[in-house]
Amino acid sequence: MKSAVETLNPTRVRLTVEVPFEELKDSLDAAYKKINQQVTVKGFRKGKIPARVIDQRFGRGAVLEEAVNDALPKFYTEAVNEAEVNPLGQPEVDITELKDGELLAFTAEVDIRPTIEIPDYSGIEITVDAVEVTDEDIEKSVEQLRERFASTNPVERAAEDGDVVTIDLEAKVDGEVLPDGVAQGVSYTIGSGELLDGIDEAVKGLAADGEATFTSQLKGGSAEGKDAEVTVKVTAVAKRELPELDDDFAQLASEFDTLDELKADSRKRLENMKQYDQATQAQERVLDELLKLVEVPIPEKLLEDEIQTRTHNLEHHQLGQMGLDLDKYLEIQGKTREEFETETKEQAVKGIKTQFILDELVSKEKLNVSQDELTEHLMRRAASSGMSPDQFAQAVVEGGQVPMLVGEVARGKALAVVVESATVKDTNGEVVDLDDEDETEEAAEAAAEAPEAAAESTEKAEA
């Protein structure tokens, strides 16, 4: 077999292949055998029809077509390996010559991974938020914990801000009570903003058995978006009482004996959270700077597939779970469809560029993924998906997604290498030492997971 490769553009090649006819022998034999099992000819047992009879009865062309279809994938793969290209997606094959007994010639056009040159990235400099935990942060954290241990006690008075009221609701549109517009025994904290617009003003000042009517735009249900006349009746009023901030509260709400110990633990936890957020911010900003340094041509078909994947995931998974369609989502976001399509394309381009660059770095730095690293990543992904590690692992294996997870970990390690060579300063001008290797790689994996849809599209294309 002879083959040659022609570069059509940085992301597409044409392979020209010539195959001597004798190399089709195995495929021709297989074609005769297959046709033998599918047809019957009087005077011959099934499966025992001579080749010449098949040629006479059904035509040599049918046999050649079957043989060529069988042989093409093998010859195409050999040509790809000989040309040392990384194809993306299925090729467009054109048989240019088929001479019985002499020659098979064909061309195959296919998108390929572009060749990427990674420049020196050691000069990258970025600024991140400083890790600062204020006394106000501690007070807010403790107050949130205090809220979780609040109690409610019935009171014989009019409802006030912060009270918990039990209410009955009835919504009418155009004078008709909605089928899903009646609710009884609803518990609501005044000022929480968790129900209808206007309800706080309506119930404040009402005691038990008090009633009020107000107009509000419905946020869901059968008349979503319409103005409704809502009647609210208060059946009970209760006052929320917060526990005293003292050592007794610390013992009630935590494993600590004193309030000071509880506050010290809150400070430590907030510092850890902000340090992780700082590391994640560093990964994202270093990645943005790295993307600016590298020119990456994008295969058109891969970009189309990536845009389609992102749009499909948004419409049928994320929005579907929220009971929204794309038009309603865009209305809420205040975006036009053109703006959405432009943003989606920009995100898709960034995702593909990120994967190509980090994959090149994985190869350049000779980075490997250990079983322990893969297991740790799987555990994190399982936790974020709400599945148990065993369930998530089974779904990954059954879906053939192990290579994608390996790629995520490897790309995270590649980005961590770049971050380690970058200069990172905080907003106070202090150099940030991201010296926690596990935390740095974990944050880098999170940043590198941004092009997850691109990774999935690319790996499907390469399969």
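Along the sequence shown, residues carry numbers from 1.
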Check against side-chain contact (heavy atoms from CB on, under 4.5 Å), D94 and T96: CA-CA 6 Å; D94 181 25; T96 56; 4.1 Å; yes
Could you tell me if [Y] and [X] have a donor-acceptor pair between their side chains, going purely by distance under 3.5 Å?
X: D129; Y: Q281; result: yes
X: Q308; Y: E304; result: no
X: D372; Y: S370; result: no

Go through E125 and K425 one step at a time and tell me if the salt bridge (charged side-chain N to carboxylate O under 4.0 Å, His left out) criterion holds. CA-CA 8 Å; E125 296 184 6; K425 293 183 179 180; 5.8 Å; no
Note, L64 side chain near F21 side chain (heavy atom, < 4.5 Å):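 They are in side-chain contact.
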In plain terms, say whether [X] and [Y] are close enough for a salt bridge, that is, a side-chain N and a carboxylate O under 4.0 Å apart.
X: K25; Y: D29; value: yes
X: K350; Y: D288; value: yes
X: E408; Y: R381; value: yes

Just by distance, do the side chain of Q251 and the backbone of D257 share a donor-acceptor pair under 3.5 Å?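 Indeed, once roles are kept as given, a pair shorter than 3.5 Å links the two residues.
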CE of M273 to CG of D137: how many Å apart, nearest 0.5 Å?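 So the CE of M273 and the CG of D137 are separated by 10.0 Å.
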Evaluation steps, side-chain contact (heavy atoms from CB on, under 4.5 Å), between V294 and K353: CA-CA 9 Å; V294 188; K353 285 184 66 173; over 6 Å; no
